[in-house]
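First comes the structure, then the notes that go with it.
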Number of protein chains: 2
Amino acid sequence: MVQFVHPATKDITLAGVLSALADPIRLQIVRGLLQESGCLSCTAASPCPTIAKSTLSNHFRVLREAGLIQTSKKGVEHQNTVRAADIEARFPGLLMAILACSLSDDASPVAPA
Amino acid sequence: MVQFVHPATKDITLAGVLSALADPIRLQIVRGLLQESGCLSCTAASPCPTIAKSTLSNHFRVLREAGLIQTSKKGVEHQNTVRAADIEARFPGLLMAILACSLSDDASPVAPA
DNA sequence: TCAATTGTTCGGAAATATGGAACTATTGAA
DNA sequence: TTCAATAGTTCCATATTTCCGAACAATTGA
């Protein structure tokens with residue numbers, strides 16, 4: 001049984017959050033998680049079906065270690081949720097500011113509308 | 001004479017801004033520029049004297065290409081200013097949100113007080 | 001003209017990202 | 001119980017990026 005490392009709220013760093021969200025795929029994953037009632041498996045949260053499983057797994061690990069998401073095992077799947085309250089407590093306004101900006105960034109969506 | 005590439009405001013991307021600011025040294029540079037009346041040479045803006053010149057030059061290039069700073073040549077030195085208005089126009093609230101968070105991030109300052 | 005200063009460019013070493021293949025863990029069916 | 005299917009992880013090789021030192025270019029002042 002693999003158990004996951006989640007940093008405590010106080011151990012979340014700005015550099016970690018920014019570099020995690022600097023990747024368009026990871027930003028898209030976070031956006032997707034927040035939209036879809038906050039809980040998705042890894043493959044369901046993937047913004048692009050052509051990404052290799054190993055790459056996707058790595059993206060989720062980065063998001064986990066940055067403190068952006070929490071992952072728990074539920075059967076075969078993993079349930080991922082955004083640690084919105086923790087991020088807000090650590091860096092008030094940051095996550096929402098970034099997500100709001102992502103709406104006006106044409107380069108951000110992996111699959112543009 | 002080396003001339004610099006500065007992206008137009010509309011070409012500034014969220015991923016570029018976030019990945020540029022995800023590096024603590026670059027974030028510190030931007031903070032320093034904003035504090036010191038907004039204009040500094042590259043070495044003067046360096047948060048840490050042990051960083052190699054070539055590395056510093058690279059950091060400034062990244063900031064420039066992300067659209068975060070503008071560089072103009074003034075004699076031997078380069079004058080760097082933060083494109084605060086452009087960033088604000090492109091991504092309202094983003095830069096200030098990140099800078100505000102950097103105050104409460106102990107890991108952010110290169111030379112902690 | 002020459003030395004000093006500022007920053008860029010180049011080359012190699014170290015770190016990181018990506019994808020394919022093999023592996024583990026869990027579920028459901030026979 | 002045994003077997004196949006599914007979801008992620010880990011390992012490995014390749015490719016890209018980062019960092020530094022050294023050499024270089026441009027400007028200034030003596």
Side-chain angles (χ1 to χ4, degrees), chain A residues 1-6 13 15-30 32-33 36 39-66 68-81 107 110, chain B residues 1-6 13 15-30 32-33 36 39-66 68-81 107 110:
Chain A
M1 161 108 65
V2 183
Q3 265 310 4
F4 299 114
V5 184
H6 294 98
T13 67
V17 170
L18 292 182
S19 85
L21 295 181
D23 185 296
I25 290 171
R26 289 194 290 259
L27 181 58
Q28 193 86 342
I29 288 172
V30 171
L33 286 179
E36 303 294 329
C39 193
L40 283 175
S41 69
C42 293
T43 47
S46 172
C48 175
T50 63
I51 301 173
K53 277 196 309 177
S54 53
T55 304
L56 203 56
S57 178
N58 184 58
H59 282 316
F60 276 92
R61 185 180 55 77
V62 171
L63 288 171
R64 255 196 315 270
E65 294 181 354
L68 278 164
I69 66 172
Q70 199 193 14
T71 307
S72 60
K73 196 153 186 177
K74 166 108 176 199
V76 174
E77 298 183 343
H78 290 185
Q79 285 187 322
N80 298 288
T81 60
V110 173
Chain B
M1 163 109 63
V2 182
Q3 265 312 1
F4 298 114
V5 184
H6 294 97
T13 67
V17 170
L18 293 182
S19 86
L21 295 180
D23 185 296
I25 290 171
R26 289 194 289 260
L27 181 58
Q28 192 87 341
I29 289 173
V30 171
L33 287 178
E36 303 295 329
C39 193
L40 282 176
S41 69
C42 293
T43 48
S46 172
C48 175
T50 64
I51 301 172
K53 279 195 309 177
S54 52
T55 305
L56 203 57
S57 177
N58 185 57
H59 282 316
F60 276 93
R61 185 179 55 76
V62 170
L63 288 172
R64 255 196 315 270
E65 294 181 352
L68 278 164
I69 65 172
Q70 199 194 12
T71 306
S72 60
K73 197 154 187 177
K74 165 108 175 199
V76 174
E77 299 183 342
H78 289 185
Q79 285 187 324
N80 298 287
T81 59
V110 172

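Keep in mind that what you see is a predicted model, and the values were worked out from it rather than measured. In what follows, chains carry the letters A, B, and so on, assigned in the order in which the sequence lines appear, proteins first and then strands, with residues in each chain numbered from 1.
Side-chain N/O atoms of Ser57(A) include one lying less than 4.0 angstrom from OP1 or OP2 on dT9(D). Of the side-chain N and O atoms in Arg64(A), none sit less than 4.0 angstrom from OP1 or OP2 of dG8(D).
One distance of note links NE2 of His59(B) with CD1 of Ile29(B); it measures 6.5 Å at 0.5 Å rounding.
Per the geometry, NZ belonging to Lys73(B) stands 12 Å off C1' belonging to dT28(D), to the nearest Å. Rounded to an integer number of Å, the gap from NE2 of His59(B) to P of dG7(C) is 15 Å. Computed from coordinates, the Lys53(B) NZ to dA25(D) C1' distance equals 11 Å when rounded to whole Å. In this structure, CD of Glu77(B) is placed 13 Å from C1' of dA26(D), rounded to the nearest angstrom. For Arg61(B) and dT18(D), the CZ to C1' distance is 10 Å, given to the nearest whole Å. Counting to the nearest Å, the P atom of dT9(D) and the CG atom of Asn80(A) are 8 Å from each other. To the nearest angstrom, P of dG19(C) lies 7 Å from CD1 of Ile51(A). If you take NE2 of His78(A) and P of dA7(D), they are 11 Å apart, rounded to a whole angstrom.
The closest side-chain heavy-atom distance from His6(B) to Ile69(B) is not below 4.5 Å. Annotation: side chain of Leu33(B) is not in contact with side chain of Thr81(B) (no heavy-atom distance under 4.5 Å). Using a 4.5 Å cut-off on side-chain heavy atoms (C-beta onward), Glu77(A) and Lys74(A) make no contact.
The listed nucleotides are dT27(D), dC19(D), dG21(D); the one nearest the side chain of Val76(B) is dT27(D).
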Please table the atom pairs, donor to acceptor, closer than 3.5 Å between any side-chain atom in residues 48-55 of chain B and protein atoms at least two apart or in another chain.
none

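A ring-centre distance under 6.0 Å is found for Phe4(B) and His78(B).
Heavy-atom distances to DNA chain C give each of Thr50(A) and Gly75(A) a nearest nucleotide, and the one nearer the 5′ end belongs to Thr50(A).
Partners of Gln70(A) under the side chain to side chain donor-acceptor pair (under 3.5 Å) rule, at least two apart in sequence or in another chain, do not exist in this structure.
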Sugar-phosphate or base contact per nucleotide [nucleotides 10-16 of chain C; S, B, -; heavy atom under 4.0 Å]: -------

